[in-house]
Student: 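Pasting a structure here, questions to come.
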Amino acid sequence: MKTYKIVILGPPGSGKGTQAKMIAEKYGIEHISTGDIFRAKRGDGTELGNKIKELIDNGNFVPDDITIKIIEEKLGSIEGGYMLDGFPRTIPQAEALKGFADINMVIYIDVKDEVLVSRLSSRLMCKCGESYNKITKKPKKDNFCDKCNQELYQREDETPEVVQERLKIYKEKTEPLLDFYKDILVRVDGDQPINKVFEDIKKVLS
Ligand code: AP5
């Protein structure tokens, strides 16, 4: 079987994390999310953790050098396939990635801005890593995680102002990657139910 070394690209709220988890489980590959890595670091009380907290809570990117180093180290410890969710996010990150990884596919989840804003403002998170949505993916018991029963919360970077800032920075810094990866890029319509998006991705991967 082919070793999948995939990048999943898309604007904030397009469903990268949701689909990446499903793909990683189905194909037995590692899911690496820079967002999850940084959220874990933001509360660790270190100087780096505090700097990351300030940046991500305001919708800004973590500097390229820090991000690239983390991913290069992480990939160095992985034997099989993987799915990169949230990396690369800038042209310098994509250039650096070329030096230490052989990416064979980029999946771009395409969703309109209005849908993104509504999805992000209704997202609920659990400390265990599960993600829900007040409209499209409700937990069975209101405000509690189906898997571990902890209380759900909203992310600090999901106020309307910060969501707009994240979208603006995405267009400026991340959208140019669509052209950078045009030879290995596959577009999937992300404005469909979660399982339908997953069906389309499986077709692309088979
Ligand atoms: P990160 O966590 O990666 O944020 P993001 O890219 O803004 O992505 P999201 O997690 O908000 O959305 P998603 O596309 O994963 O969608 P999801 O599946 O969660 O990064 C956070 C921050 O860290 C960044 O802003 C930045 O500061 C920093 N950072 C990260 N990587 C970096 C890098 N490389 N360089 C520098 N800084 C970096 O879904 C969203 C919601 O929609 C959920 O509620 C979900 O249930 C729902 N949903 C999903 N799919 C569907 C569907 N098909 N239909 C209906 N609802 C759906």
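Predicted model only: the values in this text are computed from it and were never measured. In each ligand, atom 1 is the first atom listed, and ligand 1 is the first ligand listed.
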Student: Taking the side chain from Lys134 and the backbone from Leu124, do they hold a donor-acceptor pair closer than 3.5 Å?
Tutor: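 Not a single qualifying donor-acceptor pair exists.
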Student: Report yes if Gly17 has an N/O atom closer than 3.5 Å to an N/O atom of ligand 1; otherwise report no.
Tutor: yes
Student: Run the numbers for me: atoms of ligand 1, each under 4.0 Å from some heavy atom of Tyr132, listed by number.
Tutor: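 Those of ligand 1 that fall under 4.0 Å from Tyr132 are 44 (O).
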Student: Thinking salt bridges, do Lys21 and Glu25 make one under a 4.0 Å N-O criterion?
Tutor: no
Student: Any salt bridge linking Asp57 with Arg42? Criterion: basic side-chain nitrogen under 4.0 Å from a carboxylate oxygen.
Tutor: yes
Student: Using a strict cut-off of less than 4.0 Å between a Lys/Arg side-chain nitrogen and an Asp/Glu carboxylate oxygen, indicate whether Lys196 and Glu199 qualify as a salt bridge.
Tutor: no
Student: Return the residue, atom name and 0.1 Å-rounded distance of the protein heavy atom closest to atom 16 (O) of ligand 1.
Tutor: Gly15 N, 3.1 Å
Student: Give a yes or no on whether the backbone of Lys5 and the side-chain of Asn104 come within a donor-acceptor separation of less than 3.5 Å.
Tutor: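 Between the backbone of Lys5 and the side chain of Asn104 there is a qualifying donor-acceptor contact (under 3.5 Å).
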Student: Which of the atoms of ligand 1 are close to Gln192, meaning less than 4.0 Å from one of its heavy atoms?
Tutor: 52 (C), 53 (N), 54 (N)
Student: Under 4.0 angstrom from ligand 1, any heavy atom of Gly13?
Tutor: yes
Student: Say whether Arg123, considering both its backbone and side-chain N or O atoms, lies within less than 3.5 Å of an N or O atom on ligand 1.
Tutor: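 Between Arg123 and ligand 1, an N or O pair is found under 3.5 Å apart.
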Student: Using distance alone, determine whether Val197 and ligand 1 share an N or O pair under 3.5 Å.
Tutor: no
Student: For ligand 1, is there an atom lying under 4.0 Å from some heavy atom of Leu55?
Tutor: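 Judged by the 4.0 Å heavy-atom criterion, Leu55 does not count as contacting ligand 1.
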Student: So is Ser14 polar-close to ligand 1, meaning N/O to N/O under 3.5 Å?
Tutor: yes
Student: Nearest heavy atom to atom 4 (O) of ligand 1 wins, so pick from Lys16, Arg155, Met22, Met125.
Tutor: Arg155
Student: Applying a strict 4.0 Å limit to heavy atoms, is Arg39 in contact with ligand 1?
Tutor: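 It does; at least one heavy atom falls under 4.0 Å.
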Student: Please determine if Lys203 and Asp200 form a salt bridge, counting it only when a charged side-chain N lies under 4.0 Å from a carboxylate O.
Tutor: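 Yes, this pair counts.
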Student: Among all protein heavy atoms in this structure, tell me which lies nearest to atom 28 (C) of ligand 1, with the distance rounded to 0.1 Å.
Tutor: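 Residue, atom and distance for the closest contact: Ile56 CG2, 3.6 Å.
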Student: Provide the number and element of each atom of ligand 1 under 4.0 Å from a heavy atom of Thr18.
Tutor: 17 (P), 18 (O), 39 (O), 45 (C), 49 (C)
Student: Taking heavy atoms and a distance under 4.0 Å, where does Phe61 meet ligand 1: side chain, backbone, both or neither?
Tutor: both
Student: For ligand 1, which atoms sit closer than 4.0 Å to a heavy atom of Arg166?
Tutor: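 So the answer, numbered in order with elements, is 4 (O), 5 (P), 7 (O), 9 (P), 11 (O).
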Student: Taking only heavy atoms of Gln93 into account, list the atoms of ligand 1 that are under 4.0 Å away from them.
Tutor: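 Selected atoms, number and element: 33 (C), 34 (N), 35 (N), 36 (C).
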Student: Looking only at protein heavy atoms, which one is nearest to atom 47 (C) of ligand 1, and what is the separation?
Tutor: Asn133 ND2, 3.8 Å
Student: Taking NZ, NE, NH1 and NH2 as the nitrogens, is one of them in Glu158 or Arg166 under 4.0 Å from a carboxylate oxygen of the other?
Tutor: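 Salt bridge between Glu158 and Arg166, a charged N being under 4.0 Å from a carboxylate O: yes.
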Student: Is any side-chain N of the basic residue among Arg187 and Asp110 closer than 4.0 Å to the acidic one's carboxylate O?
Tutor: yes
Student: Considering only non-hydrogen protein atoms, determine which one is nearest to atom 34 (N) of ligand 1 and report residue, atom name and distance to 0.1 Å.
Tutor: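 Of every protein heavy atom, Gly86 O, 2.8 Å lies nearest to atom 34 (N) of ligand 1.
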Student: Taking Lys171 first and then Asp113, would you say they form a salt bridge - that is, a charged N and a carboxylate O separated by under 4.0 Å?
Tutor: yes
Student: Please assess Val197 against Asp189 for the test side-chain contact (heavy atoms from CB on, under 4.5 Å), listing each intermediate value before the final yes or no.
Tutor: CA-CA 7 Å; Val197 179; Asp189 179 5; over 6 Å; no
Student: From the options Ile71, Leu84, Ile70, select the one residue that forms a side-chain contact (heavy atoms from CB on, under 4.5 Å) with Thr34.
Tutor: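 For Thr34, the side-chain contact (heavy atoms from CB on, under 4.5 Å) check succeeds only for Ile71.
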Student: Where is the nearest protein heavy atom to atom 33 (C) of ligand 1: which residue, which atom, and how far?
Tutor: Arg89 CD, 3.4 Å
Student: From atom 26 (C) of ligand 1, work out which of Thr34, Thr67, Asn60, Val163 has a heavy atom at the shortest distance.
Tutor: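 Result: the heavy atom closest to atom 26 (C) of ligand 1 is in Asn60.
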Student: State the atoms of ligand 1, each with its element, that fall below the 4.0 Å cut-off from a heavy-atom position in Gly190.
Tutor: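 Those of ligand 1 that fall under 4.0 Å from Gly190 are 53 (N).
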Student: Please work out whether any backbone atom (N, CA, C, O) or any side-chain heavy atom from C-beta onward of Pro11 is under 4.0 Å from ligand 1, and answer side chain, backbone, both or neither.
Tutor: backbone
Student: Quick check: does Thr136 get an N/O under 3.5 Å from an N/O on ligand 1?
Tutor: yes
Student: Using distance alone, decide if ligand 1 has a nitrogen or oxygen within less than 3.5 Å of any nitrogen or oxygen in Pro193.
Tutor: no
